[in-house]
Amino acid sequence: MIYMDHNATTPLDPTVLQAMMPYLKEHFGNPSSSTHEYGRIARRAVEEARSQVAQLIGAQPEEMIFTCSATEADNLAIKGVAWANRDKGNHIITCQIEHKAVLNSCKSLEKEGYEVTYLPVDKYGLVDPDDVKKAIGDKTILITIMYANSEVGTLEPIAEIGKIAQQKGVLFHTDAVQAVGKIPVNIGDLNVNLLSMSAHKMYGPKGIGALYLEKGIKLIPLIHGGGHERGLRSGTENVPGIVGFGKACEIAQKLLPEEMPRLRKLREHLVKGVLENIDYVQLNGHPEKRIPGNANFSFNYIEGEALILSLKDFAISSGSACTSSSLKSSYVLIAMGIPEHIAHGSVRICLGRSNNAKEVDLLIKRLIENVSKLRELSPLYDG
Ligand SMILES: *Cc1c(COP(=O)(O)O)cnc(C)c1O
């Protein structure tokens with residue numbers, strides 16, 4: 001089985017596992033137990049990991065809050081800012097192709113009386129910064145736009161939107177789960193005030209995420225308790241998870257200069273191989289403004305699910321892990337203006353560290369064979 005679904009999750013890097021092991025065994029202390037060495041060892045490990053995570057995005061360690069997932073980081077950012085700024089306004093700006101963690105956080109705020117603008121995207125999945133500017137009003141308290149889309153890989157113009165947010169004095173959050181570790185992400189270049197990330201999308205463990213929160217920004221926490229993470233995320237720290245996240249960030253930073261161009265080349269090879277050898281197929285997302293390893297294709301006249309099932313030895317998907325179990329077309333593709341019948345024939349291929357050119361060549365070969373076979377069975381296709 002060849003794994004090519006790295007946007008859904010990634011395998012745990014063996015070095016990350018190795019770094020975590022002592023904290024699952026002998027270093028089991030509670031970081032809040034400051035009276036003995038068990039606690040102090042755990043505290044030091046958490047704080048070292050906080051520095052490693054911060055360093056990957058050019059932030060200060062004290063600006064990082066550990067959460068139990070990026071879903072939680074998105075919820076904390078959006079609801080936390082909304083609740084803390086209720087006296088200033090009730091309007092939030094986001095876009096139609098956000099991850100469900102963002103969309104459903106916004107939906108839940110609508111039930112509380114907040115107003116949300118869901119900006120459209122163009123055929124590449126890009127948000128127009130001008131649309132953001134026009135949507136800002138007196139009551140706007142937050143803009144939340146994702147850095148990279150997990151289905152089509154499109155990179156949003158975050159720095160441009162950040163500049164607009166800054167000029168207008170509106171807080172700006174980005175869900176950067178699919179960007180961090182894959183492309184250089186530096187807080188200093190972006191004018192973002194809050195940023196979400198997740199360990200398991202970058203070869204770290206599941207169940208650990210982080211929110212970058214610029215100094216001085218007030219949030220109302222989702223979870224109340226003993227006041228961990230500066231009172232913003234109570235609950236005894238997931239020490240092994242945090243240590244693993246830190247190590248994963250350190251490794252990602254080290255590998256990025258070689259992995260980014262390598263994956264981009266592999267993806268370009270895949271796209272070329274598919275578009276040149278198969279008729280009636282389109283690449284979804286922007287041709288260049290996309291994360292290195294992601295390709296998303298729509299094959300006319302066939303069902304994406306059928307194609308995926310036919311490619312038995314490849315682990316690929318039709319879209320996000322959260323929506324691919326329902327047989328509905330992807331809301332991301334629909335928002336990009338792709339007709340339903342074409343969206344149905346979509347598959348997402350996400351290359352990662354373990355993939356090589358030989359595997360990509362084999363996938364191209366299989367896609368050519370299987371698309372042709374499935375089309376022969378399709379009543380809609382007459383050659
Ligand atoms: C995976 C993902 C999330 C959720 O991350 P979890 O840590 O699994 O909760 C949020 N946003 C994007 C863009 C993602 O790809």
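Whatever order the structure lists them in is the order used to number ligands and atoms, beginning at 1. Being a predicted model, the structure only gives us computed values, none of them experimental.
Remark: the S105 side chain and the N75 side chain contain an N/O donor-acceptor pair separated by less than 3.5 Å. For the residue pair H91 / D138, no side-chain donor-acceptor distance below 3.5 Å is found, with atom types taken as modelled. Judged purely by distance below 3.5 Å, without hydrogens or angles, the side chains of E340 and S329 pair a donor atom with an acceptor atom. Side chains of Q282 and S298: a donor-acceptor N/O pair is absent below 3.5 angstrom, by distance only.
Residue contacts with ligand 1, taken as heavy atom pairs separated by less than 4.0 Å, involve D175 solely via side-chain atoms from C-beta onward. Within the 4.0 Å heavy-atom criterion, the part of S150 lying near ligand 1 is the side chain and not the backbone. Residue contacts with ligand 1, taken as heavy atom pairs separated by less than 4.0 Å, do not involve E72 at all.
Ligand 1 has H200 within reach: a non-hydrogen atom of the residue lies less than 4.0 Å from it.
One finds a salt bridge joining E72 and R233 here, because a Lys/Arg side-chain nitrogen approaches an Asp/Glu carboxylate oxygen to under 4.0 Å. A salt bridge links E250 with K247; the closest basic N to acidic carboxylate O contact falls under 4.0 Å.
In terms of protein heavy atoms, atom 3 (C) of ligand 1 is closest to H99 NE2, 3.5 Å. The protein atom (non-hydrogen) at minimum distance from atom 7 (O) of ligand 1 is S198 OG, 2.7 Å. From the protein, the heavy atom lying nearest to atom 2 (C) of ligand 1 is K201 NZ, 2.5 Å. Considering only non-hydrogen protein atoms, atom 9 (O) of ligand 1 sits nearest to T71 OG1, 2.6 Å.
For the pair K182/M202, no side-chain contact is recorded, criterion being any heavy-atom separation below 4.5 Å from C-beta on.
Considering backbone and side-chain atoms together, A70 places an N or O closer than 3.5 Å to an N or O of ligand 1.
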